[in-house]
Number of protein chains: 2
Amino acid sequence: MADPETRLDQMVKKLKENECRITPQRLAILKILAFSEGHPSIENIYEQVKVDFPTTSLATVYKTLTLMKELKEVLEIGFADGSNRYDGNKPYPHPHLICINCRKIVDPDLTTLADMTQQLAQDTGFRILNHRLDFFGICPDCQNKK
Amino acid sequence: MADPETRLDQMVKKLKENECRITPQRLAILKILAFSEGHPSIENIYEQVKVDFPTTSLATVYKTLTLMKELKEVLEIGFADGSNRYDGNKPYPHPHLICINCRKIVDPDLTTLADMTQQLAQDTGFRILNHRLDFFGICPDCQNKK
DNA sequence: TTCTTATATGATAATCATTATTAGTAAATA
DNA sequence: TATTTACTAATAATGATTATCATATAAGAA
């Protein structure tokens, strides 16, 4: 994982390049994204922003995340049940390992995935632009708790 | 792909085993699922049912699909934007190849996925129960249309 | 520093897919 | 064919996300 400060600078730079203003609320949200180890939800980010900016609206959080998503600086991990999560540290497609018990999300190493994608493109003629790979299971911590 | 008639029988049998009634609406929905080549949406299924049963309610379609999902006879491919699709032919996790232009969904062969899953379980200690693998791109048809 | 103005915010209303409710209907069994 | 009770149809409710718009403010210019 990149250094959070560096990551924050990258995101701020991207905003400036696109002539977007650096507001206190935006900066606070970017900080949360850059410094978060996990994969926070909208609600989670909202709660954290409100510590420093209690009047922040939920709509602002949605709008900022949508903006960063468009600028390819945040990866949205959307689930069908609406429990979306966000990753501001690795804003490119990568596999996830998700514990269905404690909701923890881990980023595993899967070097063979690139080979698999290339093979698939060759076999099917598709031009592959993106992917989404999630494994669901029980993490070691939760297995031990039983 | 299995023979649609056989697949239909399997699903009807599963309903009977679980003491669920075989109503005309349910049978119609099961037929659509068994005979569909693609991966129909809720709306798509709803439109098809209404050809034979014009008074069918959308809620009935939702309830039948939820039921079949619980009985593990239908796979729900849910997307964050709400554009869910259903697969009654291969109701177990498998990779998808999705055209972002025409929305076509293809089931590719990826034999290495099983190896990958096992490797991952070994490396991380997770007990992996399920997975979801989607590749997004442009299908050969859409590439040629340009 | 102050001014200017387009952009961002906050509060709330609107949207829309899905779920819950409920009175009435009909499948299954004897 | 009668009885039981799960199922259906119609509609209301829900809840996450998006749109609206008056107000506030970031950032460049004077």
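Order of the sequence lines sets the chain letters (A, B, ...), proteins ahead of strands, with each chain counted from 1.
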Requested in this report: Could you tell me the separation between the CD atom of B:Q48 and the CD1 atom of B:I29, rounded to the nearest 0.5 Å?
Outcome: 10.5 Å
Query raised in the report: Is a side-chain donor-acceptor pair under 3.5 Å present for B:D87 with B:H96?
Result: no
Query - A:R132 NZ/CZ over A:F79 ring centroid, <6.0 Å and within 45° of normal - result: yes
Report task. Could you check whether the rings of B:H39 and B:H94 sit parallel, tilted or perpendicular, using 30° and 60° as the cut-offs? Result -> tilted
Requested in this report: Please state whether the rings of A:H131 and B:F135 are parallel, tilted or perpendicular, taking 30° and 60° as the class boundaries.
Outcome: tilted
Report task. Could you run through nucleotides 5-18 of chain D and give me one letter per nucleotide, 5' to 3': B if any protein heavy atom sits under 4.0 Å from the base, S if only the sugar-phosphate is that close, - if neither? Result -> BBSBBB-----SSB
Query raised in the report: Will you find, in the side chains of B:N44 and B:S41, an N or O donor that is under 3.5 Å from an N or O acceptor?
Result: no
Query raised in the report: Would you say the side-chain atoms of A:D115 and A:Q119 include a donor-acceptor pair closer than 3.5 Å?
Result: no
Query - Opening and closing nucleotides of DNA chain C in contact with chain A, under 4.0 Å to non-hydrogen atoms - result: C:dA6 to C:dA11
Query raised in the report: Between NZ of A:K14 and CG of A:L67, what distance do you get to the nearest 0.5 Å?
Result: 10.5 Å
Requested in this report: Enumerate the residues from residues 6-15 of chain A whose closest heavy atom to DNA chain D is under 4.0 Å, giving them by residue number; use none for an empty result.
Outcome: none
**Report entry** Spacing of B:I45 atom CD1 and B:T64 atom OG1 [to the nearest 0.5 Å]
**Finding:** 9.5 Å
Requested in this report: To the nearest 0.5 angstrom, please state how far the CG atom of B:L113 sits from the CG atom of B:L133.
Outcome: 6.0 Å
